[in-house]
Number of protein chains: 2
Amino acid sequence: METRIERLCVERGLKMTGQRRVVARVLSDAGDHPDVEELYRRASALDQHISIATVYRTVRLFEEQGILERRDFGGGRARYEPTEDGPHYHLIDVETGKVIEFQDPEHERLMHAIAGRLGFDVVSLRLELFGRRQGTAGKPRSRAASRPGEPDDDAPMAPAGEATKGARR
Amino acid sequence: METRIERLCVERGLKMTGQRRVVARVLSDAGDHPDVEELYRRASALDQHISIATVYRTVRLFEEQGILERRDFGGGRARYEPTEDGPHYHLIDVETGKVIEFQDPEHERLMHAIAGRLGFDVVSLRLELFGRRQGTAGKPRSRAASRPGEPDDDAPMAPAGEATKGARR
DNA sequence: CTACATGCAAACAGTTTGCCATCGC
DNA sequence: GCGATGGCAAACTGTTTGCATGTAG
């Protein structure tokens, strides 16, 4: 059966190749915010004939078509999520890397007010909370840098909302 | 005379080499949020004997010592600013790239409340507004559709300030 | 049939690092 | 003098691209 994203592609007149269909499917199934490598991993499981370059190209195309949204949660890799619901923000669990979405109209109003006070119109904004589940007091949880893609799981990341680029072994 | 940052370095027992002193000085003078290349450019003006690798190492060291804070405004490069005033956020002018700082206790309270409602304690948060000066209605940006958090440079003050170094992608 | 998509590997930008000469303390 | 530091170039990571081949429409 045809996924929602596949339908969008057709509507926009995109040539539907096998690999685009696979990426579209993977994205439709994703409930999380995968990065390109993860998408590539999931796509490969459905079709060996796909290269990571194609995933990059497809993801970029989809973004240009407004089908996908690119997120940058720090950590150096772009994460993607299908454009769907209205504006929402993300709370990243610093222990598990899981991402929780939330919205908040009041916050939005506040931001517009602040910008207005400075003489600006808000074009877009970025808001991310990094938090720890209550009760999980700073316990030195095994900092398992579990790289291997746990399907369904957003990757762990450092707090501070900073880049942490490069392999700091 | 000794800058505030140089003093901090000494307090922390860091070996004060010539190049560290230069970087410290450049940072103390910076009123903006320069990236490493810009720091390197400014530092080079004061001392030819400095390599970009040293700037990277110094900036990392200072960050670990809590003297500097790394920011990621998108665009792929890390930006730095001396740790000084209390928590504040940034509004980036999408036309000029200039960064304006602001604070807002109310917003902070709100964020803690939201996290709390979800069962989390806020460890840190990232908030950036991308805005356009009121009245500057959507001018046709030469660069085709790219997301707000764009390149440009903040308060170019150095002579060699031509930030645009080359077409990305 | 033809313009566009893909695979592969090489190119890139930003950042880090190995090695050895050098310098602060 | 000794161990930390700096210079240089090579290594790395995430992402893009040139080129030849394959394929949707």
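Computed from a predicted structure; not experimentally measured. Chain letters run A, B, ... following the sequence lines, proteins first, then strands; residues in each count from 1.
Taking atom CG on L39(A) and atom P on dT15(D), their separation rounds to 11 Å, with Å as the unit. Between I50(B) atom CD1 and dC8(D) atom C1' there is a gap of 14 Å when expressed in whole angstrom units. One can place CG of D35(A) at 14 Å from P of dT13(D), the figure rounded to the nearest angstrom. Computed from coordinates, the D47(B) CG to dT5(D) C1' distance equals 14 Å when rounded to whole Å. For L61(B) and dT15(C), the CG to P distance is 17 Å, given to the nearest whole Å. The distance between atom CD of E38(A) and atom P of dT15(D), rounded to the nearest whole Å, is 13 Å. Rounded to a whole Å, the CG atom of L14(A) is 15 Å from the C1' atom of dT6(C). R77(A) places its CZ atom 16 Å from the C1' atom of dG14(C), with the value rounded to the nearest Å.
Residue V36(A) has its side chain nearest to dT15(D) when only dT17(C), dT15(D), dG14(D) are considered. Comparing dT17(C), dA24(D), dG18(D) against the side chain of T17(A) picks out dA24(D) as the nearest. The side chain of R60(B) has dT17(C) as its nearest neighbour among dG25(D), dC8(C), dT17(C). Each of dT15(C), dA3(C), dT6(C) was ranked by its minimum atom distance to the side chain of Q19(A); first place goes to dT6(C). Of the candidates dT15(D), dG14(C), dT17(C), the closest approach to any side-chain atom of A53(B) belongs to dT17(C).
Side-chain nitrogen and oxygen atoms of R57(B) include none within less than 4.0 Å of the OP1 or OP2 phosphate oxygen of dG18(C). Within the 4.0 Å cut-off from OP1 or OP2 of dT15(D), not a single side-chain nitrogen or oxygen of R70(A) is found.
Note on R20(A): only backbone sugar-phosphate atoms sit closer than 4.0 angstrom, heavy atoms only; bases stay farther off. Residue-level contact check: I52(A) touches neither bases nor backbone, having no heavy atom under 4.0 Å from any strand.
The CZ atom of R12(B) sits 6.5 Å away from the CD atom of Q65(B) when rounded to the nearest 0.5 Å. With values rounded to the nearest 0.5 angstrom, D121(B) atom CG is found 11.0 Å from L129(A) atom CG.
Of the N and O atoms on the side chains of E81(B) and H33(B), at least one donor lies less than 3.5 Å from an acceptor on the other residue.
Between Q48(B) and K15(B), the residue whose closest nucleotide on DNA chain D is further toward the 5' end is K15(B). With the nearest nucleotide of DNA chain C identified for both G18(B) and Y56(B), Y56(B) has the one nearer the 5' end.
Between E63(B) and R60(B), none of the side-chain N atoms (NZ, or NE/NH1/NH2) sits under 4.0 Å from a carboxylate O, so this pair counts as no salt bridge.
Test D35(B), D29(B), D32(B) against R42(B) for salt bridge (charged side-chain N to carboxylate O under 4.0 Å, His left out) and you get one pass: D32(B).
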